[in-house]
Amino acid sequence: MGRFKPSSQTWRTSLFTLIAVLGLSLFRPPQAHAAGLLFADGGLGGQLDIKEQTVNVTINNGIAVTHVTQIFTNTEDRQVEALYTFPVPKNASVSNFSMWINGKEMIGEVLEKGKAREIYNSYKKVRRDPGLLEQVDYKTFEMRIFPIAPHAEQKVMVTYYQELDVDHDWATYVYPLATTTRQEINNKASGKFSLTVDAKSEIPIVEMDSPSHPKDFAIAKHKETYYQASLETKDGDLSRDVVLAYHLTRPRTGMDILATKPGNEDGYFCLTLTAGEELKQQNAGMDYVFILDISGSMNDDGKLDLSRNSLDAFIKSLGAGDRFEVMTFNNAAHTFFNSLTPADDDHKTKAVAFLASQDARGGTILNPALTTAYKYADPARMLNVVILSDGLTEPADAQSLLTLIKSRPASSRVFSIGVGNDVNKPLLENIAQKSGGLAAFLSQGDNFTRQAEAFRRKLLRPVATDLKIDFGNAQVYDIEPKQLPNLYHGAPLRLYGRYKTGGDLNVTLTGKIGENPLNTAVPLCLPKQDNANPEIERMWAWHKVDRLLKEGDASGSRSSVLDEVVRLGEAYSIATEYTSFIVLENDAEYQRWEIQRRNALRLDRDRASQQTLRDELTKMRNQSTDALGPDAVAKQIIPLAPANPQSPSPDAAPSNTTPSTPGQSRDVDLNTNNETRPQTTIGGGGAFDPLTAAIALALAACALACNFPKKRAA
């Protein structure tokens, strides 16, 4: 389909709206209410409050579904338009926008952005009930609602899906409250704010905590695979992100697949590859160049303090065999030691003091700093260039950076650490991925010491490079990402794709550990029909959209990919910079505009699957409650014979080798007798299997042969 071109009237209306919003900010400071800013638009000033905001999060084996329900109140004696702006959570795909009109939920549909805006404006002229959710840029969403009658309430719901970061056994969920989408914000919320998280993981959870709100969360363990956490506040300070992390028993090396295949449609799958604790490498010394962004944009949202705290923790975690340098940059690069310096206590103290003396000012040009960092490369040692920045560099500099990455020394890797919510995630991810490194993003609420130690551990553990996965004769297609990144310890690698038919398949993984080849086959299974895990569909589409936009940016123009981005956004109900959600008053209005109800149908299926999961979690909670009180004690002291002695225990391992229950995935265990044994699990994150054995053998061979990189002759 061709892209919609808005009329000149649309642009005049948009310009008028923008001027009105900017004018309002001068007359009345906006209020920040839990992850965003709320304006009364379309008049000479105005006051809107969020009476209530409820956040329900369900995490199913590393994929979080967040439902945000908000009730707006118009405190004015006149009709207003609400403009709500909020930051985009990392790796999030906004998948639904609903409004309650005349007491009924009206589910939004996704259209090309210009067309959605023109429909919205046409309803405003006749003062009807439209809603619009747009992605303004890579970091910000805006939601418009019109009209809100004098002293009336308006209920809305936004849903988004995202992958959680998993770093050395810790999975972290961040709900972004700190925001700089608009200036001069007031971080006091006027209404009730509550957040509930249900976390289910087939890898047992050891503990759960909140680095940001340790005294505010109530955390309950219902089962080793299910934890629940909740927070509730009224009229509180919501200037900090809410960060919740849970610790798994251990990462397990192996592959596993989660899939969904509704009816006769082609299926979707998510394959996870995890490097385990058993793949430790000798703690050889490494070289580090830390590059700290001290440009003016780092003043916003406390980003410079956040960067310094993170870098302090990282420097303090360096080992005796490491060497390091600290650099800063704004308009130009500045070195501190001007050489690689031993990571002893004296040099660490001096580096931390230097960082504490830095102020944020000037522009953002990263290119000279990265060029200077490459000069520290020693062919005998691995050089890790670690950039702490918000990535808000000049456009011309961003393009040249991607070119510069290609010319890096062979013994170097670049790692990007984004700080705060106002951050150019696509650029920082692109820099890291194209240099064989990793990108990470930190919130003010994170545990800096834990993050720094986990990040450094990834650099010290074996890395599998040049990875390729062959699905054999299976009808698998549209793999995302197209090129697999390196595998680091503590950072699972996720691969999404589509397939025609289900059944058993042998997946072959090839690559290198150091200079030694890796080649191993792992048996897996794709279901022939499965309505569970529908979130995989949107995550696949979101990853494809993300890749297309990055390819466009790398080429200097997005024009060649925009039609496909719009098609995917409309087909999978995903808000992007080029597609938006529109909510209309009733079904007849959707028919009048010939808008297909794709999202309404998709949402019915998603909610049915999510209800099944909630029922499963409710059952776990009830079982946990059954273990309390006098009846529980009686049950413990009165032995009961099983009703059927021949029936296996419900906790016994299943005997079948092919998943038959919806939502199951298959992995392969290797027991202590080195006897290969298939095992079926639900969800999960891999296991110690033939893949582990192959990697361990390659690692042993690598250790016997030489350390990488090769040492120069004396």
Side-chain angles (χ1 to χ4, degrees), residues 56-68 89 91-98 105 107-110 157-164 198-202 256-272 476-480 494-502 525-546 567-576 579 581 596-618 659-666 682-685:
N56 292 305
V57 185
T58 302
I59 304 171
N60 187 8
N61 291 293
I63 298 180
V65 179
T66 301
H67 300 282
V68 184
N91 292 338
S93 165
V94 175
S95 56
N96 184 52
F97 171 39
S98 293
E105 180 188 10
I107 295 170
E109 296 293 340
V110 173
M157 183 171 69
V158 175
T159 301
Y160 58 83
Y161 294 41
Q162 67 187 125
E163 294 175 347
L164 297 191
D198 292 281
K200 177 178 179 289
S201 172
E202 293 309 314
D256 72 320
I257 279 186
L258 284 172
T260 184
K261 191 176 186 302
N264 295 322
E265 300 176 22
D266 287 1
Y268 302 77
F269 68 85
C270 174
L271 182 149
T272 303
V476 172
Y477 63 100
D478 268 354
I479 302 297
E480 295 293 340
R494 293 187 180 99
L495 184 75
Y496 291 86
R498 303 206 60 188
Y499 67 97
K500 296 284 187 182
T501 58
C525 182
L526 291 170
K528 296 180 180 179
Q529 183 170 348
D530 194 340
N531 290 322
N533 310 306
E535 59 272 13
I536 293 174
E537 295 183 22
R538 281 196 175 99
M539 294 309 303
W540 168 84
W542 181 86
H543 277 280
K544 186 169 184 178
V545 166
D546 186 58
R567 186 193 70 80
L568 289 167
E570 292 183 338
Y572 290 89
S573 305
I574 298 174
T576 71
T579 54
F581 273 96
Q596 298 183 46
R597 301 309 311 271
R598 293 170 174 166
N599 188 48
L601 294 173
R602 184 181 296 276
L603 205 61
D604 283 345
R605 191 180 67 194
D606 287 7
R607 287 177 173 177
S609 174
Q610 291 160 9
Q611 184 59 51
T612 299
L613 176 59
R614 284 194 294 270
D615 291 343
E616 179 185 347
L617 298 181
T618 299
S660 57
T661 302
Q664 286 190 329
S665 65
R666 182 177 180 180
I682 301 174

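All of these numbers come straight from a predicted model, not from anything done at the bench.
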Indicate yes or no: at least one non-hydrogen side-chain atom of Phe581 is less than 4.5 angstrom from one of Asn599. yes
Might you point out which heavy atoms bring Ala541 and Ile574 nearest each other, and give the distance in Å? CB-CD1, 3.6 Å
Is there side-chain contact between His543 and Arg494, with heavy atoms separated by less than 4.5 Å? no
Establish, from distance only, whether the side-chain atoms of Asn96 and Ser98 form a donor-acceptor pair under 3.5 Å. yes
Is there a side chain to side chain contact (heavy atoms under 4.5 Å, CB included) between Thr579 and Leu568? Walk through the geometry before answering. CA-CA 9 Å; Thr579 54; Leu568 289 167; over 6 Å; no
For Ala92 and Tyr160, work out which heavy atoms get closest and say how close. CB-CD1, 3.9 Å
Arg498 to Tyr477, cation-pi by 6.0 Å centre distance and 45° axis angle: no
CG on Leu495 to OG1 on Thr272, rounded to 0.5 Å: 9.0 Å
For side chain to side chain contact (heavy atoms under 4.5 Å, CB included), just list the numbers for Thr66 and Gln162, CA-CA rounded to whole Å, side-chain angles, deciding distance to a tenth of an Å, and then say yes or no. CA-CA 8 Å; Thr66 301; Gln162 67 187 125; 4.1 Å; yes
So do Phe269 and Val476 actually touch side chain to side chain, heavy atoms under 4.5 Å? yes
Does atom CD of Gln596 have more than 12 heavy-atom neighbours, drawn from other residues, nucleotides or ligands, at distances under 6.0 Å? no
Validation row: Ile59, Leu164 side chains within 4.5 angstrom (heavy atoms): yes
CG of Leu526 to NZ of Lys500: how many Å apart, nearest 0.5 Å? 14.0 Å
Tyr499 backbone acceptor or donor facing Tyr268 side chain under 3.5 Å: no
Student check: side-chain heavy atoms of Thr501 and Lys528 closer than 4.5 Å: no
Determine whether the side chains of Gln611 and Arg614 contain a donor N or O and an acceptor N or O closer than 3.5 Å. yes
State, with a plain yes or no, whether a side-chain heavy atom of Glu616 is found less than 4.5 Å away from one of Lys200. yes
Distance-minimising heavy-atom pair for Ala64 and Val57: CB-CG1, 4.2 Å
Thr159 and side-chain contact (heavy atoms from CB on, under 4.5 Å): which single residue from Leu603, Val68, Val94, Val65 fits? Val65
Do Asp478 and Lys544 sit within salt-bridge range, that is, some charged N less than 4.0 Å from a carboxylate O? yes
Check for a donor-acceptor pair, side chain of Ser609 on one end and backbone N or O of Asp606 on the other, with a separation under 3.5 Å. no
Between the side chains of Asn533 and Thr260, is a donor N or O closer than 3.5 angstrom to an acceptor N or O? no
Taking Arg605 first and then Glu535, would you say they form a salt bridge - that is, a charged N and a carboxylate O separated by under 4.0 Å? no
Spacing of Glu537 atom CD and Ser573 atom OG [to the nearest 0.5 Å]: 10.5 Å
Given side chains that start at C-beta, do those of Thr58 and Leu613 come closer than 4.5 Å, heavy atoms only? yes
The reported gap from OG in Ser93 to CE in Met539 (rounded to nearest 0.5 angstrom) is 6.5 Å
Does a salt bridge link Glu109 with Arg597, judged by any charged N lying under 4.0 Å from a carboxylate O? yes
d(Asn61 CG, Cys270 SG) to nearest 0.5 Å is 10.0 Å
Does the cation-pi check pass for Arg538 over Tyr572, that is, NZ or CZ under 6.0 Å from the six-membered ring centre and within 45° of its axis? no
For residues Arg602 and Pro534, determine if any side-chain heavy atom of one lies less than 4.5 Å from a side-chain heavy atom of the other. no
Distance in Å, Asp198 CG paired with Asn56 CG, rounded so as to fall on 0.5 Å steps: 8.0 Å
Using side-chain contact (heavy atoms from CB on, under 4.5 Å) as the criterion, point out the one residue from Ile479, Leu271, Ile536 that pairs with Tyr496. Ile536
